[in-house]
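Every chain is numbered from 1, with letters handed out A, B, ... down the list of sequences.
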2 protein chains.
Amino acid sequence: MNQKDLYILLYLAQKTQLQQSFKTSTSLIAAELGISQQTVSRKLLDVASAGMIQRRVTLSGVEIRMSPEGRKHLFSLYGDLKHLFTAKQELIGAVTSGLGEGRFYMKQPLYKKQFQSILGYVPFAGTLNLIVDRFAVDAFLATKKMQYINGFVTKKRSFGGLRCYPILIHNTNNTINAALIIPDRNIHGHDTVELIAAECLRTVLQVKNNDEVVVQ
Amino acid sequence: MNQKDLYILLYLAQKTQLQQSFKTSTSLIAAELGISQQTVSRKLLDVASAGMIQRRVTLSGVEIRMSPEGRKHLFSLYGDLKHLFTAKQELIGAVTSGLGEGRFYMKQPLYKKQFQSILGYVPFAGTLNLIVDRFAVDAFLATKKMQYINGFVTKKRSFGGLRCYPILIHNTNNTINAALIIPDRNIHGHDTVELIAAECLRTVLQVKNNDEVVVQ
DNA sequence: ATTACTAGGTTCCGAGTAA
DNA sequence: TTTACTCGGAACCTAGTAA
């Protein structure tokens, strides 16, 4: 079967739920897929001759079933996608110096209270900054659960909200629960992320600037 | 993006593992996919302008990344396939009279012994025969685990092997563990399957000929 | 009403080649 | 070496229509 006809097979798989037979007509499929009746007729013949479906012409249209080969073909695609989406995602970053701002933020009681309830611990007063690939961050975070830390206002100034992703951070020295945070008012570009944990990450991981750590 | 270009996106998803960037060249992809360099160049432009990938031309080729939209697109496909393949499969059949052969077979000690070890019980001496859709059987059994019952020879005659699938059978009256068996020497067409259980299924399910039961 | 053939029009592909 | 344009030819799609 031509790779390009995959969408036809997917359509038929949906309609047959992979096992029931499906009574329809070429013009009905044509209307649903936005192509001509003639093309549907031809495509069904193609897909059937590739052994992907069983096709029977009746008085009132066509009756279609997925064949074992068709199911096998789609199952293999399913396996590939499953592998891609469930593979352990990780983000590699190099340690860099923060601006010392993190320490100030982490001391705010209204942040601390929220972190305690979301993460189960009060973070160490200081963040570990990592230089990462901005695109890799997007992809990595897409697979992680986000929890929002609300901003607030004090007499002196206002503090913005933060997106907080619980993660695991490790290098050759250690592995610890931590959280990746992205302030709404981001002082870094998207090439830098901040990590917080119950303890001082620099100490626990025994890292200095430019050392690599892995976030999972 | 054109539905037909899905195979390109799948190829790129594999190569990038959905998140890493992937340095390659149009001619390299062309060779791997068996199409021309020119077509690859055009397809990459198409897929990129559909927002599915991020593409950067470098001195030595192209660098490709999946975009969030591309991942979303594939994730939705993954979800569809997952739904299809993990949906609870069931087989509906109508009770019919056997030829009384089942009872004879079920009395053979060498079958009984194997059933005991595979199913955990000695089946009732008699089978319940169901008329089913032969294609639906294939599809249904494809999702089930098969266990083989060996044939054997006695002084009087030889007995063939059986394929045995542990299943759940139910109707409005009851639900019980049972097994679907398909003799290697099938006396029925593929339109009939035989079911065995610890007890007499006709009695437990309170069924007579033509009543419907569901096999899961 | 169907499916599916033929014919012609459109799209798509790839060889050549510019940048 | 690249990517990607032009353009001729191949592949593909759909209108018309037979069965």
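Atom CZ in A:Arg56 sits roughly 13 Å away from atom P in C:dA4 (whole-Å rounding). Atom CG in A:Leu33 sits about 11 Å away from atom P in D:dT14, given to the nearest Å. Here the C1' atom of nucleotide D:dT2 and the CD atom of B:Glu63 are 15 Å apart, to the nearest Å. Note: CD (B:Gln38) to C1' (C:dG16) measures 8 Å, nearest angstrom. Per the geometry, CD1 belonging to B:Ile8 stands 13 Å off C1' belonging to C:dC12, to the nearest Å. Note: CG (B:Leu44) to P (D:dT2) measures 14 Å, nearest angstrom.
The side-chain contact (heavy atoms from CB on, under 4.5 Å) with B:Met52 is formed by just one residue from the set B:Arg71, B:Lys72, B:His73, B:Met66; it is B:His73. Here the rule is side-chain contact (heavy atoms from CB on, under 4.5 Å) with B:Leu180, and of B:Ile169, B:Ile196, B:Leu141 only B:Leu141 fits it.
Here the nucleotide nearest the side chain of A:Lys43, chosen from D:dC13, D:dT14, D:dA4, is D:dC13. The side chain of B:Arg55 has D:dA4 as its nearest neighbour among D:dA4, C:dC5, C:dG14. For A:Asn2, the listed nucleotide lying nearest its side chain is D:dC12; candidates were C:dT2, D:dC12, D:dT3.
Contact check, B:Thr26 against D:dT3: a side-chain N or O comes under 4.0 Å of OP1 or OP2. Contact between the side-chain N/O atoms of B:Thr39 and the OP1/OP2 oxygens of C:dG14 is found at a separation under 4.0 Å. Distances shorter than 4.0 Å separate some side-chain N or O of A:Arg42 from OP1 or OP2 on D:dC13. A close approach under 4.0 Å does occur between a side-chain nitrogen or oxygen of B:Lys4 and OP1 or OP2 of D:dC13.
Taking the charged nitrogens against the carboxylate oxygens, A:Asp133 and B:Arg65 do have a contact shorter than 4.0 Å, which makes a salt bridge.
With hydrogens and angles left out, the side-chain atoms of A:Ser27 and A:Gln37 include no donor and acceptor closer than 3.5 Å.
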